[in-house]
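Down below is the structure, laid out as structure tokens.
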Amino acid sequence: RVQHALRAFTPKDQKAVAKAAADLSDTSGFNKQDTDNIEWAKWSWNPVTGCKHNCPYCYARDIATRFYPQGFEPVFHPKRLRAPQRAVVPAGAGQDLGLKNVFACSMSDLFGRWVPEAWILAVLKAMADAPQWNFLLLTKFPGRLAEFTFADNVWVGTSVDCQARVANAERAFAKVTAKVKWLSCEPLIEPLTFTNLSVFQWVVIGGASASTQTPIWAPPRAWVDQLERAAWDAGCQVYEKTNLLRRWRQYPGHEDRQPTSAPDVFQYLKRATGEDERAE
């Protein structure tokens, strides 16, 4: 399936990518995750970096601004395409699936409008050639996913942090063909109501760590419970991130004091203009 898609490469694209990927002097591999920021995957891999979404809570932008010479501008790193073949799946992966999971393009949105098709196809080919790993992808442009085919070891996901993204996500994933289709509601910045969660197999729910533009945020437990009930009713598996933090702490005769809305700094889509732009 991926081989068929690669026919979209021009001969020049194929030659350039093959030459860079075959460079034995490059020893870059997967990055081991030592925190619980993306605990559902113990590894990250970034053959493409940079993003133009400018979400206020983005940890990747903060890291890139600090450590990357190019900042958060989109860049393709073809030499990193060899990493899946070099890396060895840990022995404990049979008991802990996270040891086999790789968050691919954690420092970018591989399906952003600005990403050339040739970059995407090269990354998908590298994933298909390494079936011993599971590669997890996330995008805020789910409508573009139907343009590509995915190997069975690629888990295709979309980020839905607020209600404005729900309809587009459901509409797009009804057209996507992948063995695992998943939803990342992180950070959950308002209660979410879905009409067709059955197009997903897995729902990850989380809050937000502090960024340079936003504070730590843990959504009210009621929002989480509502979403989890809907996910289970639709047959989805649920994964709670440790940054949810909120627990029910109720006392008879006393009102629970969990917040009723996220701080205004998180409401970036409500400040944008154009409903279609916000949904994408």
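Bear in mind the structure is a predicted one, so any value in this text is a computation, not a measurement.
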Notebook entry, point to check: Between CH2 of Trp43 and CG of Asn31, what distance do you get to the nearest 0.5 Å?
Noted result: 9.5 Å
Next item on the list: Any chance you could measure Tyr57, atom OH, to Phe266, atom CZ, to the nearest 0.5 Å?
Entry: 9.0 Å
Margin query: Using only atom types and a distance under 3.5 Å, with no angle test, would you say the side chain of Gln33 pairs donor to acceptor with the backbone of Glu39?
Written below: no
Margin query: Checking the side chain of Trp217 only, and the main-chain atoms of Leu188 only, is there a donor and an acceptor separated by less than 3.5 Å?
Written below: yes
Notebook entry, point to check: Who pairs with Ala172 by side chain to side chain contact (heavy atoms under 4.5 Å, CB included), at least two apart in sequence or on another chain?
Noted result: Pro142
Notebook entry, point to check: Do Val199 and Val160 share a hydrophobic cluster, counting only Ile, Leu, Val, Met, Phe, Trp and Tyr and linking them when any side-chain heavy atoms are less than 4.5 Å apart?
Noted result: yes
Next item on the list: Look up atom CZ in Arg113 and atom CZ in Phe141, then write down how far apart they are to the nearest 0.5 Å.
Entry: 4.5 Å
Notebook entry, point to check: side chain to side chain donor-acceptor pair (under 3.5 Å) between Arg171 and Asn168: does it pass, once the steps are laid out?
Noted result: CA-CA 5 Å; Arg171 183 169 54 248; Asn168 189 50; 3.2 Å; yes
Check: Counting only N and O atoms by type, is there a donor-acceptor contact under 3.5 Å from the side chain of Asn153 to the main-chain atoms of Ala130?
Finding: yes
Item checked: Linked, directly or transitively: Val89 and Leu81 (ILVMFWY side chains, under 4.5 Å) -> yes
Check: Is there a donor in the side chain of Asn46 and an acceptor in the side chain of Ser106, or the other way round, less than 3.5 Å apart?
Finding: yes
Checklist line | Under-4.0 Å salt bridge between Asp129 and Lys125 | finding: yes
Notebook entry, point to check: So, Trp182 versus Trp40, ring centres under 6.0 angstrom or not?
Noted result: yes
Note to self: Quick check on Gln226: does its CD atom have over 12 non-hydrogen neighbours (other residues, nucleotides or ligands) under 6.0 Å away?
What the structure shows: yes
Notebook entry, point to check: Taking the six-membered ring for Trp, are Phe30 and Trp133 ring centroids under 6.0 Å apart?
Noted result: yes
Check: With no hydrogens and no angle check, is any side-chain donor or acceptor of Lys181 less than 3.5 Å from a backbone partner on Phe173?
Finding: yes
Notebook entry, point to check: Heavy-atom distance under 4.5 Å between the side chains of Phe111 and Leu137, does that happen here?
Noted result: yes
Note to self: Which Ile, Leu, Val, Met, Phe, Trp or Tyr residues join Leu245 in one cluster when any pair of side-chain heavy atoms under 4.5 Å counts as a link?
What the structure shows: Ile216
Check: Distance from Arg221 atom CZ to Gln258 atom CD, nearest 0.5 Å?
Finding: 8.5 Å
Check: Are Trp45 and His77 an aromatic pair by the rule of ring centers under 6.0 Å?
Finding: no
Checklist line | Derivation and outcome, side-chain contact (heavy atoms from CB on, under 4.5 Å), residues Phe148 and Val156 | finding: CA-CA 11 Å; Phe148 300 91; Val156 182; over 6 Å; no
Checklist line | Which atom of Thr177 lies closest to which atom of Phe150, heavy atoms considered | finding: O-CD1, 3.7 Å
Item checked: Pairwise distance OG1(Thr139) to CD1(Ile120) - rounded to 0.5 angstrom -> 8.5 Å
Next item on the list: Check the pair Thr49 / Gln70 against side-chain contact (heavy atoms from CB on, under 4.5 Å), numbers first and verdict last.
Entry: CA-CA 10 Å; Thr49 57; Gln70 73 275 13; 3.7 Å; yes
Margin query: When you measure from the side chain of Ser211 to the backbone of Pro56, do you find a donor-acceptor pair of N or O atoms at a distance under 3.5 Å?
Written below: yes
Next item on the list: Working to the nearest 0.5 Å, report the span between CD of Glu228 and SG of Cys185.
Entry: 10.5 Å
Item checked: Steps toward side-chain contact (heavy atoms from CB on, under 4.5 Å) verdict (Cys55, Lys140) -> CA-CA 10 Å; Cys55 303; Lys140 281 193 169 83; 3.5 Å; yes
Notebook entry, point to check: Does the distance from a Lys or Arg side-chain N to an Asp or Glu carboxylate O, for Arg144 and Glu117, drop under 4.0 Å?
Noted result: no
